[in-house]
Amino acid sequence: MDSFISWGSGAPENCTFAAASSSSSLCGYHILLKGLFLIPRWHFFLGFIVACTVVIYNFLESHFFEDLFSGFRGCPANITCNPDSEIYSGIASKCRIIHGRYLATPWLSSPHIQTTFLNFFGRPPSFSYRRQIFNASDGGTIALDWLLSSYVSGGASCIESSLPADDTTPIVIVVPGLTSDSASPYLKHLSFNTAKCGWNVVVSNHRGLGGVSVTSDCFYNAGWTEDLRVVINYLHKEYPKAPLFAIGTSIGANILVKYLGEDGDSVPIAGAVAICSPWDLLIGDRFINRRLVQKLYDRALTIGLQGYAQMHQPRYSRLANWDGIKKSRSIRDFDIYATCLVGKFETVDTYYRRCSSSSYVGNVAIPLLCISALDDPLCTREAIPWDECRANKNIVLVTTKHGGHLAFFEGLSGSSLWWVRASNEFLHVLHSSPYYMHVQKKVKDNSGLHSTLDSSIDQGPYVNVADGMVAAAGNEHTREIIEEDEDCKHPKDLPIDPIEMVPGSGKNRLQAANKKVVEDVQKIPVARSVLQILGRTRKSVWLLAYIAVITSWPLVGSAIGIFFKRKIRKAPTRSA
């Protein structure tokens, strides 16, 4: 009871203490508010600017302070390749650019700023292409834009000149990215610097781009390799003495690597470079919808695709879902309503899986340099096939910490692209190295395999790399056929007919008759094969005879056994 009275008597004191605490806290906020009003307004404005700068700095993934604290030395490029790769030890190891450091232009030290600046400004060199219209066998039209080395060195008066058929100057075939053409700033950087180094350049624009209308019901996509195959075969046939190289950028890199994997060691190009390839389109589709900044790129690329479809509306209206194309808000939407319907893919994921170049990396049989930036805002590092590139002895993968998508600006003025210099150095070292071979071959017409030109397409030159050893693949087969034909015409070890040794005036006549008999025998395939074996070595005759006895003995033995059994049965038996 006393405790109860005590508690009841203390309650008013507690209430008074709580009220005092509440009033003191209100006084504290009041004092703090008065203190904020005492701070100058420009301090608030400065703090707001600093906070926005931090947010934007992180949003743009800028690395200016990182470069500043490192003394603007840049970051070394990371090289991934097979430990036993002869391509690396003989070619890539001599490339100083990829073994150096890459430092982005200080005022462009962000992958997003670099990528945006490249597309809207880019500072491309000023020059003019010479256009060639190429007609595919299906009625499609492809614009080939040429920039010869003479255009750069000889001035505008040389633009009208054509490339002679027997020219030996290397030709670099450039495959643009998505909705890009030869007028894109990064392609003008590449074309001009390559031509300035003394090589000829031809940009193979995608169908419907470069100011050329679509003249067939076939449109290009991320895995459409047929146009590249046809163009390369055409150039190889028209300029058989000119070594061919190829450089693919973005989606063009995916198409190039897929083409190299599809055709293996039968491609007529000697070396290739893939820049900022998406590698796995399914992973790229998931990545580009992950964050807000990637969604902005997705929307921008979708607008570009819609503009491409708008230029060719009559055919898209007939072959695809035009209402769906106009309502598309992402690349995936456009692929659902346009690409899958035109290309006859079951689903959009099926299209992404079939057209991804990562599945073809293991089949690449020529020297291939791949360059990618780890901060690429469009092609994620998660899609890079690290293990596949390391397993293939023909591939050298170079990754940089910074660079953006197809940008890689360098220098204070940002007037050059790092990957352009690295690509040209790699191809020039390859061309002058002992691992490069330019061999012409005569092959069958492959128009039945691929819808190429109607005439026969020569498949050389190319470099085949197997187990680290580089050689001219396919040439041995051709040389063997030629040697066999020569052996058939002039067998070395054929036994001489005794008639040829008879002296007298009829010797020449008998020799001519004997020669005619030999030539007639050679027309028979089986006899010609026997003559070839006889012409190689006499040991082959005994080997052939041994094989013939072994393989025919069961049949001959059975026949002899049946014959003697019949004789025994027919023989008269003697009575005791």
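Given the structure is predicted, the values throughout are model-derived calculations rather than measurements.
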Do P243 and H431 touch side chain to side chain, with heavy atoms closer than 4.5 Å?
yes
Dump the intermediate steps for side chain to side chain contact (heavy atoms under 4.5 Å, CB included) on R318 and Q313, then the final yes or no.
CA-CA 8 Å; R318 179 168 51 87; Q313 179 180 356; over 6 Å; no
Under the 6.0 Å and 45° cation-pi test, does K188 pair with F127?
yes
With a 4.5 Å limit on heavy-atom distance, are the side chains of L319 and L341 in contact?
no
Could you tell me whether K94 and E425 have a side-chain N and a carboxylate O separated by less than 4.0 Å?
no
Considering non-hydrogen atoms only, spot the tightest contact between L260 and A272 and give its length.
CD1-CB, 3.8 Å
List the atom of G404, the atom of C276, and the distance in Å for their closest heavy-atom pair.
O-SG, 4.2 Å
When every non-hydrogen atom of Y151 is compared with those of R130, the smallest separation belongs to OH-NE, 2.7 Å
For F287, is there any backbone N or O sitting under 3.5 Å from a side-chain donor or acceptor partner on T380?
no
Is R332 salt-bridged to D335, cutoff N-O under 4.0 Å?
no
What heavy-atom pair brings V273 and S423 nearest, and what distance separates the two atoms?
CG1-OG, 3.4 Å
Quick one: are I79 and Y88 in side-chain contact, heavy atoms under 4.5 Å?
yes
Is there a side-chain contact between I232 and L228, using heavy atoms and a 4.5 Å cut-off?
yes
Y297: what forms a ring pair (Phe, Tyr, Trp, His ring centres under 6.0 Å) with it, not counting sequence neighbours?
H112
When you measure from the side chain of S89 to the backbone N and O of S85, does any donor-acceptor pair fall under 3.5 Å?
yes
Looking at I325, is its backbone amide N or carbonyl O close enough to the side chain of Q306 to form a donor-acceptor pair, meaning the two atoms are under 3.5 Å apart?
yes
Just checking, is any N or O donor in the side chain of D145 or N205 under 3.5 Å from an acceptor N or O on the other one?
yes
Under the 3.5 angstrom rule, does the side chain of R315 hit a backbone N or O of V214 as a donor-acceptor pair?
yes
Among S180, S184, S182, which one satisfies side-chain contact (heavy atoms from CB on, under 4.5 Å) with V203?
S182
For residues 374-385, pull every pair meeting salt bridge (Lys or Arg N to Asp or Glu O under 4.0 Å), keeping only residues two or more places apart or in separate chains.
R290-E382
Derivation of the side chain to side chain contact (heavy atoms under 4.5 Å, CB included) call for T399 and W386
CA-CA 10 Å; T399 54; W386 302 92; 3.6 Å; yes
My understanding is that only residues two or more places apart in sequence, or in another chain, count here; which of them pass ring pair (Phe, Tyr, Trp, His ring centres under 6.0 Å) with H405?
none
Decide yes or no for P185 and N119: does some side-chain heavy atom of the first lie under 4.5 Å from some side-chain heavy atom of the second?
no
Can you name the side-chain contact (heavy atoms from CB on, under 4.5 Å) partners of N200, sequence neighbours left out?
L148, S149, L163, D167, T169, I171
From I331 atom CD1 to D285 atom CG, the distance as rounded to the nearest 0.5 Å
8.0 Å
Establish, yes or no, whether a centroid distance under 6.0 Å links the rings of H206 and W224.
no
Is it true that the side chains of E410 and T105 contain a donor and an acceptor less than 3.5 Å apart?
no
Compare all side-chain heavy atoms of L209 with those of P176 and state whether any distance is below 4.5 angstrom.
no
How far apart are the closest heavy atoms of Y316 and V342, and which atoms are they?
CE2-CG2, 4.2 Å
Side chains of L244 and P170: does their closest heavy-atom pair fall under 4.5 Å?
no
Is the number of heavy atoms from other residues, nucleotides or ligands under 6.0 Å of L412 CG greater than 12?
no
Sequence neighbours excluded, which residues qualify as ring pair (Phe, Tyr, Trp, His ring centres under 6.0 Å) partners of F117?
W107, F121, F409
Heavy-atom distance under 4.5 Å between the side chains of V398 and N78, does that happen here?
no
Ionic contact status for E226 with R207, cut-off 4.0 Å:
no
Hey, what do you get for CG (N82) to CG (N394), rounding to the nearest 0.5 Å?
9.5 Å
Residues V201, W146; criterion side chain to side chain contact (heavy atoms under 4.5 Å, CB included); working and verdict:
CA-CA 6 Å; V201 183; W146 288 86; over 6 Å; no
Please check this pair: side chain of T116 against backbone of I113, looking for a donor-acceptor N/O pair closer than 3.5 Å.
no
Output the distance between atom CD1 (I269) and atom CZ (F245), rounded to the nearest 0.5 Å.
9.5 Å
Decide yes or no on side chain to side chain contact (heavy atoms under 4.5 Å, CB included) for N193 and W199, but give the supporting numbers first.
CA-CA 9 Å; N193 284 276; W199 287 12; over 6 Å; no
Closest heavy-atom pair and its distance - T215, G139
OG1-O, 2.5 Å
Quick one: pull up OH in Y186 and CZ in F408 and give me the separation to the nearest 0.5 Å.
13.0 Å
Return yes if some donor-acceptor pair links the side-chain N/O of T249 with the main-chain N/O of V175 below 3.5 Å, else return no.
yes
Donor-acceptor contacts, no H, no angles, side chain residues 356-369, under 3.5 Å, sequence neighbours left out:
{"from": "S356", "atom 1": "OG", "to": "L281", "atom 2": "N", "distance (Å)": "2.9"}
{"from": "S356", "atom 1": "OG", "to": "Y352", "atom 2": "O", "distance (Å)": "2.5"}
{"from": "S357", "atom 1": "OG", "to": "N254", "atom 2": "OD1", "distance (Å)": "2.9"}

Apply the test side-chain hydrogen bond (donor to acceptor under 3.5 Å, both in side chains) to residues T194 and N424: give CA-CA distance (whole Å), side-chain angles for both, the deciding distance (0.1 Å), then the verdict.
CA-CA 6 Å; T194 304; N424 287 331; 2.9 Å; yes
Do R353 and D280 meet the salt-bridge criterion of a basic N to acidic O distance under 4.0 Å?
no
What's the separation between atom SG in C81 and atom CG in L397, rounded to the nearest 0.5 Å?
9.0 Å
Measuring from R421:CZ to R96:CZ, what's the distance to the nearest 0.5 Å?
10.0 Å
